[in-house]
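What follows is a single structure, written as structure tokens, with notes after it.
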Amino acid sequence: MSRDLSAPEQRRLLLDSVRDYLEQLAEEGLEGLPATAPTRAAAPKAAVPPASVPARDGVSSRDAAAGAASPPRPASAPIEMLSRYPGLEKTATLEELRAFIGDCQRCKLAPLRTHLVFGVGNPEADLMFVGEAPGADEDARGEPFVGRAGQLLTDIIERGMGLRRADVYICNVIKCRPPDNRNPEADEVAACEPFLMRQIDLVQPRAIVALGTFAVQALLKVKTPISRLRGNWHEVRGVKLMPTFHPAYLLRSPGEKRWVWQDIQEVMKLLGIETPARGGTR
Ligand code: URA
């Protein structure tokens, strides 16, 4: 027979539930970025795009095809994001971009980091994953998605999609770890975002999977909850973008994995990837 909880135990339980609930609200996008400006579209895969091609961000396609509710609209104020850093648009490879970023001191996260976490993977990947910001493990190693959430992402890529982690490209909106894993702040996003846009331009993937509320809202310039965005194709810099839940959220809410699997299957369909035989990497 279960005993009654003591008052401190009840308080702890209540606090845990409130914390879980708040985290879920955050993941669902009720805590969001201020909408900022849209980005510009990429040129065809053959050439690294100039910084002056007009924007086509945030456009959903499957929604319309399926007759679903109309897709959220991107914020309107256009700026040329790359022009924040003169010369950025001239970087022609990821190595050049990394060198351009250098020992970055452009925002207040710089003095707090161990490593700047630029990105890893195939520079010509068809598929790019974009997360939020490095956590403690990533800051220590200088590589995105290497902690528990990273292991789950690797499982999605390798066991779910049958690809190797090295076949895709993985990066974050923010390249330096926010203290105590707090949400990145608007000025930090603004400082780092041009680098993410250039990464997209240089890799020119055929599809981007945006992981979690923060990455989706930063890329699409919307404040719509991820639960309404996921499962539908959007577009950023001329590349198709599929929003889905963040692996860290899945660690807390494993029941939501089925939605991510559904989204990943849409991505596989687009890229012509067949579901692998159980548990295997190609
Ligand atoms: N979460 C992220 O969004 N990015 C990482 O690199 C690790 C955890």
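Each ligand, and each atom within it, is numbered from 1 in the order the structure gives. All values derive from a computational prediction rather than experimental measurement. Quick note: numbers below take in every heavy atom, side chains included, and nothing from hydrogens, waters or symmetry partners.
For ligand 1, the atoms lying closer than 4.0 Å to a non-hydrogen atom of Gly131 are 3 (O). Each of the atoms 1 (N), 2 (C), 3 (O) of ligand 1 lies under 4.0 Å from some heavy atom of His246. Near Glu132, meaning under 4.0 Å from any of its heavy atoms, are these atoms of ligand 1: 2 (C), 3 (O).
Ion pair Lys108/Glu188 flagged as a salt bridge, since at least one NZ, NE, NH1 or NH2 atom sits closer than 4.0 Å to an Asp/Glu carboxylate oxygen. Using a 4.0 Å cut-off between a side-chain N of Lys or Arg and a carboxylate O of Asp or Glu, Glu95 and Arg98 do not qualify as a salt bridge.
With a 4.0 Å heavy-atom cut-off, ligand 1 is reached by the backbone of Pro144 and by its side chain too. At a heavy-atom distance under 4.0 Å, only backbone atoms of Ala133 (N, CA, C or O) approach ligand 1.
Between the Gln204 side chain and the Glu124 main chain, no donor and acceptor come within less than 3.5 Å of each other. Put simply, the side chain of Glu89 gets close to the backbone of Gly87: a donor and an acceptor are under 3.5 Å apart. In this structure, the side chain of Gln199 engages the main chain of Phe118 through a donor-acceptor pair within 3.5 Å.
The shortest contact between atom 4 (N) of ligand 1 and any protein heavy atom is with Asn172 OD1, 2.7 Å.
In this structure, Leu219 CG and Ile200 CD1 are separated by 5.0 Å, a value rounded to the nearest 0.5 Å.
When the options Glu138, Arg177, Lys175, Glu143 are ranked by their closest heavy atom to atom 7 (C) of ligand 1, first place goes to Glu138.
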